[in-house]
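For reference, the structure is listed below as structure tokens.
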Amino acid sequence: MKKIKVMTVFGTRPEAVKMAPLVKELQSRNEIISICCVTGQHREMLDSMLQVYGITPDYDLDIMEKNQTLSTITCKALAGMEDVLKKEQPDILLVHGDTTTTFSGALAAFYQQIPVGHVEAGLRTWDKYSPFPEEINRTLVGRIAELNFAPTSSNAANLRAEGVTEGIFITGNTVIDAMKYTVRDDYVFESDALNSLDFENKKVITVTCHRRENYGKPLQDIMLALKKLVETYEDVVIVDPVHLSPVVRETVFGTIGELDRVCLIDPLPVDEMHNLMARSYMIITDSGGLQEEAPALGKPVLVVRKETERPEAVKAGTVKLAGVETDVIFDMASELLTNEEAYQQMAKAVNPYGDGNASKRIVDAILWHFGVSDKQPEDFKG
């Protein structure tokens with residue numbers, strides 16, 4: 001029996017977190033030859049994640065450079081992927097989500113007439129500039145992809161609304177699969193700063209902010225809301241693994257860096273981040289992945305963005321859209337800090353994003369698509 005050669009490509013930490021369990025699942029199947037390529041779009045954060053999951057890439061394009069732009073990332077990833085794809089000639093290339101690596105990889109495969117499978121397909125805000133450049137990246141990949149692995153039924157509906165009628169599989173999100181490898185009750189942090197936190201008696205709020213559309217005044221206003229929370233509530237502790245972007249770091253450290261009960265640390269490996277969230281009281285973030293991860297841990301999430309491409313969590317009640325205005329963020333966080341009923345309503349809401357079997361469904365769908373299996377996987381019903 002001819003084995004199916006499946007190549008995965010990713011380049012950032014969020015992609016890697018969500019692709020790692022899929023790579024593991026691919027490697028476990030006798031019917032598949034698994035090839036893993038990374039672009040290195042985010043170098044340090046990507047490498048730490050690979051170590052956590054024990055993944056050694058077959059190819060590393062190592063494209064990251066100082067002060068890189070979207071154009072340089074796209075050009076270097078596109079050229080690098082062309083060489084790898086010509087050499088390996090996979091039966092299908094799997095890309096994830098909405099990064100510049102995702103778009104470049106899909107485009108490179110299209111140029112070689114190699115089928116593309118899009119993991120985490122169908123997310124939309126319908127605003128091409130928010131999030132930027134992610135909304136256009138994922139929309140364009142949706143046009144290129146032959147197989148679209150949509151986490152939820154509403155994601156699948158978005159694709160159908162755009163005219164995609166075939167090759168859609170509803171799988172759940174692989175990020176839920178990833179957490180099975182990382183979260184433990186007996187976990188000990190590598191960071192002394194995290195080990196010293198009083199999770200029992202303090203309300204630890206984990207914060208991440210890095211979206212380009214929040215650069216400037218929005219990020220400044222978000223930080224001012226955090227400042228106000230710390231100054232108002234003596235039992236609140238802010239923990240922010242600050243993104244490596246110089247723009248982000250200047251604003252964050254310049255606004256809340258000198259405050260008591262604020263812990264600013266470097267970005268964390270995925271296992272550290274998952275266990276930090278598991279011990280936190282709530283999450284404030286503009287990250288897409290955390291909107292999916294935190295509800296699986298029973299943690300309310302305030303999303304500091306004007307819109308979200310993950311409306312399922314808002315509908316389910318695990319996430320609330322807080323926007324980027326200081327007073328609104330403060331008021332919404334205050335309610336969760338002082339109103340136990342409001343807190344429990346969010347904490348106990350059912351996570352709509354997966355059951356931990358998304359990677360298995362994706363691989364089963366690939367085998368069915370290529371005729372190796374005669375059983376089409378059942379859709380995830382969140």
Next item on the list: Give the C-alpha distance, both sets of side-chain angles, the deciding distance and a yes or no for side-chain contact (heavy atoms from CB on, under 4.5 Å) between H96 and H118.
Entry: CA-CA 6 Å; H96 179 278; H118 189 193; over 6 Å; no

[X], [atom1] atom: more than 12 neighbouring heavy atoms under 6.0 Å:
X: E200; atom1: CD; answer: no
X: Y111; atom1: OH; answer: no
X: K375; atom1: NZ; answer: no
X: Q344; atom1: CD; answer: yes
X: D185; atom1: CG; answer: no
X: K228; atom1: NZ; answer: yes
X: K315; atom1: NZ; answer: no

Looking only at non-hydrogen atoms, find the nearest pair between [X] and [Y] and report the distance.
X: L229; Y: S334; result: CD2-OG, 4.1 Å
X: N275; Y: R184; result: OD1-N, 3.1 Å
X: V23; Y: F10; result: CG2-CE2, 4.2 Å
X: F103; Y: V141; result: CA-CG2, 3.8 Å
X: M332; Y: L321; result: CE-O, 3.7 Å
X: L290; Y: T208; result: CD2-OG1, 3.7 Å

Note to self: E120 vs R310, test: salt bridge (Lys or Arg N to Asp or Glu O under 4.0 Å). Steps then yes/no.
What the structure shows: CA-CA 11 Å; E120 199 181 84; R310 291 165 171 85; 3.3 Å; yes

Next item on the list: Take E88 and K5 through the test salt bridge (Lys or Arg N to Asp or Glu O under 4.0 Å) and record every step on the way to the result.
Entry: CA-CA 9 Å; E88 289 291 346; K5 183 182 283 190; 3.0 Å; yes

Next item on the list: Please test V207 against T285 for side-chain contact (heavy atoms from CB on, under 4.5 Å), starting from the C-alpha separation and ending with a verdict.
Entry: CA-CA 5 Å; V207 176; T285 185; over 6 Å; no

Find the distance between [atom1] ([X]) and [atom2] ([Y]) and round it off to the nearest 0.5 Å.
X: K76; Y: Q41; atom1: NZ; atom2: CD; value: 11.5 Å
X: T100; Y: Q68; atom1: OG1; atom2: CD; value: 8.5 Å
X: L219; Y: L224; atom1: CG; atom2: CG; value: 9.5 Å
X: E166; Y: L159; atom1: CD; atom2: CG; value: 13.0 Å
X: M179; Y: E293; atom1: CE; atom2: CD; value: 5.5 Å
X: Y353; Y: T174; atom1: OH; atom2: OG1; value: 13.5 Å

Does [X] belong to the same Ile/Leu/Val/Met/Phe/Trp/Tyr cluster as [Y], with side-chain heavy atoms less than 4.5 Å apart forming each link?
X: V183; Y: L197; answer: yes
X: I63; Y: L85; answer: yes
X: V95; Y: L107; answer: yes
X: F330; Y: L226; answer: yes
X: Y129; Y: Y215; answer: no

Donor-acceptor pair between [X] and [Y] side chains, under 3.5 angstrom:
X: S130; Y: E135; answer: no
X: T102; Y: E15; answer: yes
X: Q291; Y: T308; answer: yes
X: E309; Y: T125; answer: no
X: T74; Y: S71; answer: no

Next item on the list: May I have the step-by-step check of salt bridge (Lys or Arg N to Asp or Glu O under 4.0 Å) for K2 and D91, ending in yes or no?
Entry: CA-CA 11 Å; K2 179 182 180 297; D91 295 295; 3.4 Å; yes

Does [X] reach the main-chain N or O of [Y] with its side chain, forming a donor-acceptor pair under 3.5 Å?
X: N195; Y: F189; answer: yes
X: R261; Y: V237; answer: no
X: K18; Y: I176; answer: no
X: D58; Y: I35; answer: no
X: N137; Y: D98; answer: yes
X: N357; Y: K360; answer: no

Note to self: Show, in sequence, the C-alpha distance, side-chain angles and deciding distance for T255 and Q220, and conclude whether the side-chain contact (heavy atoms from CB on, under 4.5 Å) test is met.
What the structure shows: CA-CA 7 Å; T255 308; Q220 179 70 41; 3.2 Å; yes

Do [X] and [Y] come within less than 4.5 Å of each other through their side chains, counting heavy atoms only?
X: V301; Y: P295; answer: yes
X: P21; Y: K180; answer: no
X: R212; Y: L70; answer: yes
X: L61; Y: M81; answer: yes
X: S28; Y: E25; answer: yes
X: M282; Y: I284; answer: yes
X: I92; Y: M7; answer: no
X: L264; Y: V252; answer: yes

Checklist line | Pairs where residues 276-323 contributes a residue and the test ring-ring contact (aromatic ring centres under 6.0 Å, His included) is met, not counting sequence neighbours | finding: Y281-Y343

Next item on the list: Please say which of K306, E213, R305 ends up in a side-chain contact (heavy atoms from CB on, under 4.5 Å) with V324.
Entry: K306

Next item on the list: Going by the side-chain contact (heavy atoms from CB on, under 4.5 Å) test, name the single residue among V247, T251, D286, V248 that passes it with N214.
Entry: D286

Check: Yes or no on salt bridge (Lys or Arg N to Asp or Glu O under 4.0 Å) for D364 and R29, after CA distance, side-chain angles and deciding distance?
Finding: CA-CA 10 Å; D364 287 346; R29 301 294 188 99; 2.9 Å; yes

Margin query: Students often mix this up, so state it plainly: with edges at 30° and 60°, are the rings of H210 and H243 parallel, tilted or perpendicular?
Written below: parallel

Notebook entry, point to check: Below 4.0 angstrom, N of the basic side chain to O of the carboxylate: do R13 and D47 qualify?
Noted result: no

Margin query: Checking N155 against E312 for the side-chain contact (heavy atoms from CB on, under 4.5 Å) test, could you report, in this order, the C-alpha distance in whole Å, the side-chain angles of both residues, the deciding distance, and whether it holds?
Written below: CA-CA 9 Å; N155 300 148; E312 303 88 352; 3.1 Å; yes

